[in-house]
Amino acid sequence: MFTINENYLRLPGSYLFSDIAKRVNKYTQENPDKSIIRLGIGDVTLPLTKSVITALHEATDEMGKAETFRGYGPEHGYDFLRQAIIENDYIPRGIKLDIDEIFISDGAKSDCGNIGDILGLDNKVAVCDPVYPVYVDTNAMAGRAGFYGKDGKWDNLIYMPCTEENGFIPSLPTEIPDVIYLCFPNNPTGTHATKDQLQMWVDYALNNKSLILYDAAYEAYITEDLPHSIYEIDGAKQCAIEFRSFSKNAGFTGTRCAFTIVPKELKCGNVSLNSLWSRRVSTKFNGVPYIVQKAAEAVYTPQGKAEIKQSVGYYMNNAKVIREGLKAAGFKVWGGVNAPYIWMKTPDNLTSWEFFDQLLNKAQVVGTPGSGFGPSGEGYFRLTAFGSAENTVKAIDRIKNAF
Ligand code: PLP
């Protein structure tokens, strides 16, 4: 008789966004005349840009001709895209990477989860609290998280609270983790770490032989003079893997393209993680479609860069509208300066879900309860800047009037 991976049975029942959808559906059924504004899920709303679409069309035409048709591509990604990444994302920041340190993938989400394939099950994992739930759930699925308790925590994970007191930047944990997930700019709190703060983490990881898994999916939203890559930090190549994505900068959430950097200097004993990841990718993945990689390459053309700057600017203007509007209305808010997320304290000590319901009922605005991202998110709420400019202004006016 076959057996299943019982770790899946330990996962708590429903997923944050399906809970939200259920409440919103119920509300719309009961109030069909009310228009809802969604500032909840972190999906983009602007369409793909002109240069990306042109590249997609051209690559599609190539696929229709015998002379230019391409079948299976290199599992690790085409060199034209890997080279464009090195030249545009890393060399200008003083970071030297070899082409075989870059792995093109179908998403930062997949890679953040899949990276666990090359790590021992006995690793003690540390996550921020609140946190992007993928890091937690994928470790729970692998059996590294232990059991889920009534306190909303897994008993074998190290939680690093991100609170008002520490400015939502985690403090070094008392128990030393083997693997540390860091995400900057942060989802959900919208905060970003300084170079000194990241240096502290890199030094800590090097001293303790820990591995940092650095998720920089929102790197394009940094507006201040802050590190865009963990490799801007001395020593990071010996202790960190970096995840990047075209989802949020170039609107590829439905097109799917991302990349992961595994430096060759990164070793466990004398085993290279780059070799392990390379082996894993070539065995379990057959590469991102050629047409999608050509589309991603177009992001780095002068026109592509200008277009992306405009889209990111559009969302960051929404972020400003949300942040300044909520502040003016007397709410306590964070983020929205180097990230498309605004993290707010719920008024009157409401729980995150109580505020969710009030916001829906009084203002018909949907956001995300902070408690859905971890126990330390209780009493907080996340709004995203990914809506349309018009809806964002409308939502903030409604919130101001309702509270
Ligand atoms: N990492 C973080 C922190 C995210 O918030 C998200 C998506 O919301 C992702 C990764 C997913 O990126 P991708 O679309 O490349 O899978």
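Nothing here was measured: the structure is a model prediction, and the numbers come from that model. For this chain, numbers begin at 1 and follow the sequence in order. All heavy atoms count here, side chains included; hydrogens, waters and symmetry mates do not. Ligands are counted one by one from 1 in listed order, and the atoms in each one are counted from 1 as well.
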Quiz item: Going by atom types only, do Tyr181 and Asn139 share a side-chain donor-acceptor pair under 3.5 Å?
Solution: yes
Quiz item: Say you draw a straight line from CG of Asn391 to CD1 of Ile36; how long is it, rounded to the nearest 0.5 Å?
Solution: 11.5 Å
Quiz item: For Thr253, is the nearest heavy atom under 4.0 Å from an atom of ligand 1?
Solution: no
Quiz item: Is the shortest N/O to N/O distance between Ser245 and ligand 1 below 3.5 Å?
Solution: yes
Quiz prompt | Atom pair OG/CZ of Ser278 and Phe103 - distance to nearest 0.5 Å | solution = 5.0 Å
Self-check item: Pairing residues for Pro227 by the side-chain contact (heavy atoms from CB on, under 4.5 Å) criterion, not counting sequence neighbours
Solution: His192, Lys195, Leu198, Glu232, Ile233
Exercise. Pick, from Arg256, Lys109, Lys248, the option with the minimum heavy-atom distance to atom 8 (O) of ligand 1.
Key: Lys248
Quiz prompt | ligand 1 contact on Tyr181 by region, counting heavy-atom pairs under 4.0 Å | solution = neither
Practice problem: May I ask you to list the atoms of ligand 1 that are less than 4.0 angstrom from any heavy atom of Ser247? | Solution: 13 (P), 14 (O), 15 (O)
Quiz item: N/O of Ser110 under 3.5 Å from N/O of ligand 1, yes or no?
Solution: no
Quiz item: What's the shortest distance from atom 9 (C) of ligand 1 to any protein heavy atom, and which residue and atom give it?
Solution: Tyr132 OH, 3.2 Å
Quiz item: Are any of the side-chain nitrogens in Asp397 or Lys394 under 4.0 Å away from the carboxylate oxygens of its partner?
Solution: no
Quiz item: Does ligand 1 have any atom that is closer than 4.0 Å to a heavy atom of Phe259?
Solution: no
